Amino acid sequence: MISAMARVLERPATYDDLLQVPDHMVAEIVNGELIVSPRPARPHARVSSILGARLASRFDDSDSGPGGWWIIDEPELHLGPDIFVPDIAGWRRERIPEFPDAGRCEIPPDWLCEIISPSTAALDRVYKLPLYARQGITYAWIVDPVARTIEAYRLEGYHYSLIAAVEGEEPARIEPFDAIELPLKALWV
């Protein structure tokens, strides 16, 4: 079993199993197991909202930054047998000129961000990161709102390498969005 949040099924989980989960829960299928967790607490939700808004305002459809990305909150990713719902994900527009008009996306993002909580840290780090690497997702960020840290990983071969670890409130430039300084202080308020 992946974690205490995993619902025990006698068979691999299916999309129909995922659809049976109440809307007030987040459901994913990771390594064939249905993972059910509560919606994020306020610090998690705030970091996700602020980070997504900051990146979208400069990298998504914007005249005030470099642009070139689709930035989406909580996309439902169908990647092989797994179904993920990262907190934020981004696709380069040069690779995907038009974003799919569907409730789910089968195209791996170029970047994604998982904002961890005590109940999801092991799932995100131990189980999901290797699966994201296997799908060829170039960049992955792990954000910890309690520790006030961001870890940035870049895919090298079939594994992620840590390329940045920042903490505190000073602005930081973090790949793949290093064209701007990210005001960390705004995330932790």
Side-chain angles (χ1 to χ4, degrees), residues 1-9 13 17-56 71-79 82-90 104-105 108-109 111-135 137 139-155 159-170 172 174-177 182-189:
M1 178 177 288
I2 291 175
S3 77
M5 296 178 296
R7 180 180 292 175
V8 178
L9 298 173
D17 297 320
L18 188 139
L19 292 175
Q20 299 305 311
V21 175
D23 289 341
H24 68 279
M25 304 293 282
V26 176
E28 300 175 289
I29 297 175
V30 178
N31 284 333
E33 292 193 50
L34 180 64
I35 308 298
V36 179
S37 55
R39 288 276 167 201
R42 191 177 69 225
H44 177 126
R46 172 146 174 90
V47 167
S48 181
S49 295
I50 297 297
L51 181 60
R54 294 285 173 131
L55 293 175
I71 304 291
I72 308 294
D73 291 334
E74 296 186 350
E76 184 176 294
L77 304 177
H78 290 240
L79 305 177
D82 298 306
I83 300 172
F84 302 106
V85 182
D87 293 291
I88 314 168
R104 64 193 213 180
C105 184
W111 166 85
L112 59 74
C113 177
E114 292 286 4
I115 300 166
I116 63 171
S117 62
S119 64
T120 65
L123 172 67
D124 292 336
R125 290 177 186 282
V126 176
Y127 295 96
K128 291 169 75 175
L129 270 181
L131 294 172
Y132 291 155
R134 188 177 312 151
Q135 290 296 327
I137 298 168
Y139 293 95
W141 288 7
I142 300 287
V143 178
D144 185 335
V146 175
R148 297 180 170 200
T149 61
I150 298 176
E151 298 168 11
Y153 297 89
R154 182 176 47 226
L155 188 63
H159 303 281
Y160 285 116
S161 292
L162 181 67
I163 57 170
V166 296
E167 72 169 334
E169 298 183 352
E170 293 299 315
I174 308 170
E175 286 184 47
F177 303 109
L182 185 63
L184 297 185
K185 183 176 183 176
L187 301 178
W188 318 132
V189 175

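Remember, it's a predicted structure, so these values are computed and weren't measured experimentally.
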> Contact between His44 and Asp87 at the side-chain level, heavy atoms closer than 4.5 Å - yes or no?
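Touching, per the 4.5 Å side-chain cut-off.
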
> Using 0.5 Å steps for rounding, measure from the CD1 atom of Ile116 to the NZ atom of Lys128.
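Between Ile116 CD1 and Lys128 NZ, I get 11.5 Å after rounding to 0.5 Å.
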
> So for atom CD, which belongs to Glu74, do other residues, nucleotides or ligands contribute more than 12 heavy atoms lying within a distance under 6.0 Å?
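Yes.
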
> To the nearest 0.5 Å, what is the distance between OH on Tyr153 and CD1 on Ile137?
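So the gap between those two atoms works out to 15.0 Å.
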
> Which heavy-atom pair separates Ser48 from Ile88 by the least distance, and what is that distance?
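Closest pair (atom of Ser48, atom of Ile88, distance): O-CD1, 3.6 Å.
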
> Measuring only between side-chain heavy atoms, which start at C-beta, is Pro183 closer than 4.5 Å to Arg54?
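Yes - at least one pair of side-chain heavy atoms lies under 4.5 Å apart.
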
> Could you check Leu112, Ile29, Val30 and say which one makes a side chain to side chain contact (heavy atoms under 4.5 Å, CB included) with Phe84?
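Going through the options one by one, the only one that passes is Val30.
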
> Can a salt bridge be assigned to the pair Glu114 and Arg125 using a cut-off of 4.0 Å between side-chain N and carboxylate O?
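Arg125 and Glu114: not salt-bridged.
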
> Take Val47 and Trp188, measure what side-chain contact (heavy atoms from CB on, under 4.5 Å) needs, and give me the verdict at the end.
CA-CA 7 Å; Val47 167; Trp188 318 132; 4.0 Å; yes

> Quick one: closest heavy-atom pair of Ile72 and Pro75, and the distance?
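Smallest interatomic distance, heavy atoms only, reads O-CD, 3.6 Å.
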
> Of Val36, Val21, Leu123, which meets side chain to side chain contact (heavy atoms under 4.5 Å, CB included) against Glu28?
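It is Leu123; the other options fail the test.
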
> Should Cys113 and Pro86 count as side-chain neighbours, where that means a heavy-atom distance under 4.5 Å?
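They are not in contact (no side-chain heavy atoms under 4.5 Å apart), so the answer is no.
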
> State, yes or no, whether a side-chain contact exists between Phe177 and Tyr139 at a heavy-atom distance under 4.5 Å.
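No. Closest side-chain heavy atoms not under 4.5 Å.
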
> Could you check whether any side-chain heavy atom of Leu129 comes within less than 4.5 Å of a side-chain heavy atom of Asp124, counting everything from C-beta outward?
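No. Closest side-chain heavy atoms not under 4.5 Å.
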
> Is any side-chain heavy atom of Trp141 closer than 4.5 Å to a side-chain heavy atom of Leu51?
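The answer is yes; the side chains approach within 4.5 Å.
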
> For Ile71 and Gly52, work out which heavy atoms get closest and say how close.
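Heavy-atom minimum between the residues: CG2-O, 4.1 Å.
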
> Between Leu55 and Trp111, is there a side-chain heavy-atom distance shorter than 4.5 Å?
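With C-beta onward as the side chain, the pair touches.
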
